[in-house]
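Note that the structure is a prediction, hence the values are computed from the model and not measured. Order of the sequence lines sets the chain letters (A, B, ...), proteins ahead of strands, with each chain counted from 1.
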There are 2 protein chains.
Amino acid sequence: MAIDHLDGALLELLAREPRIGVLEASRRLGVARGTVQARLDRLQSNGVIRGFGPDVDPAALGYPVTAFATLEIKQGQGSDVRAHLASVPEVLELHTTTGHGDMLCRLVARSNADLQRVIDRVVGFDGIVRASTAIVMENPVPLRIIPLVKQAAGG
Amino acid sequence: MAIDHLDGALLELLAREPRIGVLEASRRLGVARGTVQARLDRLQSNGVIRGFGPDVDPAALGYPVTAFATLEIKQGQGSDVRAHLASVPEVLELHTTTGHGDMLCRLVARSNADLQRVIDRVVGFDGIVRASTAIVMENPVPLRIIPLVKQAAGG
DNA sequence: GCATTTACTGGGCATTCTGTATAGCGACTG
DNA sequence: CAGTCGCTATACAGAATGCCCAGTAAATGC
């Protein structure tokens, strides 16, 4: 669970140059290959590294518009709403939250006009009482993990 | 830019089994190795695939609490606030948005108590007028891209 | 209609990496 | 003090990669 400095450096290296192999990583980090291999195995079985899935850019796929929708749900309809939202491809992420809304989801769309269609599809479901949408204009800090990794590694 | 069915299948395959190589992928997809290689190169230079960075789980790093904070910013302080937020490791993501707030950020913390510390650090900055936080309880749909890829590939 | 370009196939080749195993060494622990 | 753990160092077979080429089929331009 705890991450030491070598783990941190390894994660950082992998984040910066993902196509790097175990052997090359060991050279960069100045440790034996077996060490890197053992660390990687441990990080993966720990669940620290979930995987190495391709990082796909929705914008490049033709979905340049991102929005966050806060949803208010009718009592007891939670699981139906979840299933509904999971069936919409443009819903990239869904959280249930405390606070004003009950759920928060990340949406993408082909255009602002298309966003209307997506929202209609998302909220056009019985269990959803109200929705408020915030359209993303800029993304000054793209999803990142390295600063947190550094902190966790004690750096 | 446009994604055909083979691209979609390749992305799906890579998402499901990321450690797969080009050769193995070509076998699974029933095409020549050179084809997979060419498609991958194209997807990467297109920007569709940003990279293959390790997918790190903040919870496994000791940050099991996630929250979204909506921030209201003092006019003209945008770039200062951006820089401030970028300097906080627990800020995983930051967007500027339309709607009620001016910014939306994703936070993580070691505990609910620790979240208070993080929020204090985030909002303890002159340009931020008001903040409202929603703590994530469940994540019924984790960040995903495959359904969108399938739709973009026309299937 | 004809030539050109593009994308895919199938094959080959040298280099490199992976998976796996070995043994030695220093540090920590019961 | 013996046992365990993590790291180093090395070895080896099998596999994958990067790169090359020639042939073919479909789309594009003249």
How close or far is atom P of C:dC17 from atom CG of A:Leu40, stated in whole angstroms? 16 Å
Among the candidates D:dT8, C:dT18, C:dT9, find the nucleotide nearest to the side-chain atoms of B:Thr35. C:dT9
Pick out which of B:Thr66, B:Asp120, B:Val108, B:Ile135 makes a side chain to side chain contact (heavy atoms under 4.5 Å, CB included) with B:Leu115. B:Ile135
Spacing between B:Asp7 atom CG and C:dC8 atom C1', to the nearest angstrom: 13 Å
At 10 degrees resolution, what angle do the end axes of the helix from C:dG1-D:dC30 to C:dG30-D:dC1 form when each is taken over five base pairs? 40°
Report the distance from atom CZ of B:Arg19 to atom P of D:dT17, rounded to the nearest whole Å. 12 Å
If we check side chain to side chain contact (heavy atoms under 4.5 Å, CB included) with A:Pro54, which of these qualifies: B:Val149, B:Leu10, B:Ile49? B:Ile49
Could you state the CG-C1' distance from B:Asp4 to C:dT6, rounded to the nearest angstrom? 14 Å
Rounded to whole angstroms, how far apart are CD1 on B:Ile20 and P on C:dG19? 14 Å
Nucleotide nearest B:Arg39 (side chain, heavy atoms from C-beta), chosen from C:dT18, C:dA7, D:dT8: C:dA7
Is A:Asn46 reaching over with its side chain to a backbone N or O of A:Val48, donor-acceptor style, under 3.5 angstrom? no
Is a salt bridge present between A:Asp80 and A:Lys74, judged by a nitrogen-to-oxygen distance below 4.0 Å? no
With a cut-off of less than 4.0 Å, is there a side-chain N or O of B:Arg27 near OP1 or OP2 of D:dA16? yes
Nearest-Å distance for atom pair CD/P, residues A:Glu24 and C:dC17: 7 Å
Which one, D:dT8, C:dG10, D:dA11, comes nearest to the side chain of A:Arg33? D:dA11
Within 45° cone and under 6.0 Å: A:Arg106 NZ/CZ vs A:Phe68 ring: no
Measuring from the side chain of B:Leu23 (C-beta onward, heavy atoms only), which nucleotide among D:dT17, C:dT18, D:dT8 has the closest atom? D:dT17
Under 4.0 Å between a side-chain N/O of B:Gln37 and OP1 or OP2 of D:dG18, yes or no? yes
Electrostatic pair B:Glu12:B:Lys150 at N-O distance under 4.0 angstrom: yes
Taking the side chain from B:Asp114 and the backbone from B:Arg110, do they hold a donor-acceptor pair closer than 3.5 Å? yes
